[in-house]
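One structure is given below, encoded as structure tokens.
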Amino acid sequence: MPLLTRLERALGRLAFTDLSLCLVLGQVLVLALALFSGFDVERIALRPDAVMAGQLWRPFTFIFVPPVTSLTMTGAIFLAFGWYIFYLMGSALEHHWGVFRFNAFIFLGWLLTLAVSFITPTAYATNAYIAATVFLAFAYLNPDFVMYIFFILPVKINWLAL
């Protein structure tokens, strides 16, 4: 029996449903705190030298750091669109693989990002690679995906040409 199947039988009840929605909502909350209350997002970003100095929350909170912390109107539109695309692709992967396997995929991405961040301990590590892997996994599983611009104009995305 494969390892992932055994893990799913043993730990499957601990998996979070709608994990991509939880990640998006966490990023929205952190962005709202940063914009409206002056919360310093760098306090929760992953910086390995700060983790080694005793700030043990950083490995768990960096996944909620939004891609931007200051917004213009155009930036807000693109950010909302990016969050929507991440949720769309994440929920499709969760439906295709199952809740536990999608959780394992995100957890493995988080763990590898955390491990690799210690190569350069003074630099900030971001969660951009986790979002990129969700995009690539979705592109691999759905090569003929059609996205509708303005919910009307169909645009077939040829992933192999990118």
Side-chain angles (χ1 to χ4, degrees), residues 1-35 39-69 71 78-145 147 157 159-160 162:
M1 179 181 322
L3 175 66
L4 200 54
T5 305
R6 284 186 290 171
L7 285 173
E8 187 173 6
R9 285 187 180 179
L11 304 172
R13 66 186 179 282
L14 301 176
F16 294 106
T17 58
D18 290 328
L19 181 61
S20 56
L21 180 63
C22 294
L23 293 176
V24 168
L25 289 177
Q27 289 184 8
V28 169
L29 177 68
V30 168
L31 182 64
L33 284 172
L35 292 177
F39 176 72
D40 186 18
V41 176
E42 289 186 9
R43 293 181 58 203
I44 64 169
L46 178 60
R47 193 162 160 195
D49 61 344
V51 174
M52 290 186 283
Q55 298 177 0
L56 300 177
W57 63 85
R58 289 180 182 256
F60 304 103
T61 58
F62 84 95
I63 198 130
F64 297 114
V65 174
V68 295
T69 56
L71 284 180
F78 282 112
L79 186 61
F81 183 70
W83 279 331
Y84 170 71
I85 293 296
F86 178 78
Y87 170 70
L88 177 117
M89 292 180 180
S91 60
L93 288 176
E94 185 175 317
H95 179 72
H96 187 331
W97 288 336
V99 174
F100 179 79
R101 289 174 189 254
F102 180 69
N103 277 244
F105 180 75
I106 296 293
F107 178 73
L108 183 63
W110 168 78
L111 195 62
L112 290 174
T113 301
L114 186 62
V116 169
S117 71
F118 282 91
I119 292 173
T120 56
T122 58
Y124 286 99
T126 67
N127 55 13
Y129 295 113
I130 297 170
T133 58
V134 169
F135 169 76
L136 291 173
F138 180 82
Y140 179 77
L141 292 175
N142 301 297
D144 296 325
F145 181 71
M147 183 173 287
I157 300 173
W159 301 106
L160 299 176
L162 295 179

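Between the side chain of E94 and the main chain of T17, no donor-acceptor pair closer than 3.5 Å is present. For N103 (side chain) and F16 (main-chain N/O), a donor-acceptor pair under 3.5 Å exists by modelled atom type. Looking only at distances, no side-chain donor or acceptor of R47 sits under 3.5 Å from a matching main-chain atom of A123.
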Evaluate the criterion side chain to side chain contact (heavy atoms under 4.5 Å, CB included) for residue pair F62 and V51; output intermediate values, then yes/no. CA-CA 11 Å; F62 84 95; V51 174; over 6 Å; no
Stepwise side chain to side chain contact (heavy atoms under 4.5 Å, CB included) check, L11 with R6: CA-CA 8 Å; L11 304 172; R6 284 186 290 171; over 6 Å; no
Worked verdict on W83 versus L79 for side chain to side chain contact (heavy atoms under 4.5 Å, CB included): CA-CA 6 Å; W83 279 331; L79 186 61; 3.6 Å; yes
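Inter-residue side-chain proximity for L21 and S91 is flagged as unmet; no heavy-atom pair is nearer than 4.5 Å. Between V116 and Y129, every side-chain heavy-atom pair lies at or beyond the 4.5 Å cut-off. Side-chain contact check for P67 versus Q27: some heavy-atom pair is nearer than 4.5 Å. Side-chain contact check for V68 versus F78: every heavy-atom pair is 4.5 Å or farther apart. With a 4.5 Å cut-off on side-chain heavy atoms, V65 and R43 do not count as touching.
With T61 as the fixed residue, the side chain to side chain contact (heavy atoms under 4.5 Å, CB included) test singles out one of I44, V41, V30: I44. A side chain to side chain contact (heavy atoms under 4.5 Å, CB included) with P66 is found for exactly one of L35, V28, L31, V24, namely L31. Just one residue in the list I130, I106, N127 forms a side chain to side chain contact (heavy atoms under 4.5 Å, CB included) with L23, and that residue is I106.
Heavy-atom minimum distance, A131 versus F86: CA-CE1, 3.9 Å. Pairing each heavy atom of A137 with each of F105, the nearest pair is CB-CZ, 4.1 Å. Shortest non-hydrogen contact noted between S20 and F102 is N-CE2, 4.1 Å. Taking each heavy atom of P59 and L114 in turn, the nearest pair found is CB-CD1, 3.6 Å. Nearest heavy-atom pair across S117 and A125 is CB-CB, 3.6 Å. Taking each heavy atom of F138 and A92 in turn, the nearest pair found is CE1-CB, 3.6 Å.
The aromatic ring centroids of F107 and W110 lie less than 6.0 Å from each other.
Atom-to-atom distance recorded for Y124:OH and R58:CZ is 6.0 Å, nearest 0.5 angstrom. The CE atom of M89 sits 12.0 Å away from atom OG1 of T133, with the distance rounded to the nearest 0.5 Å. Remark: D49 CG to Q55 CD distance equals 8.5 Å, nearest 0.5 Å. Interatomic distance, T113 OG1 to F118 CZ, rounded to the nearest 0.5 Å: 12.0 Å. The distance from atom CD1 of I63 to atom OG1 of T126, rounded to the nearest 0.5 Å, is 10.5 Å. To the nearest 0.5 angstrom, L93 atom CG is 8.0 Å from H96 atom NE2.
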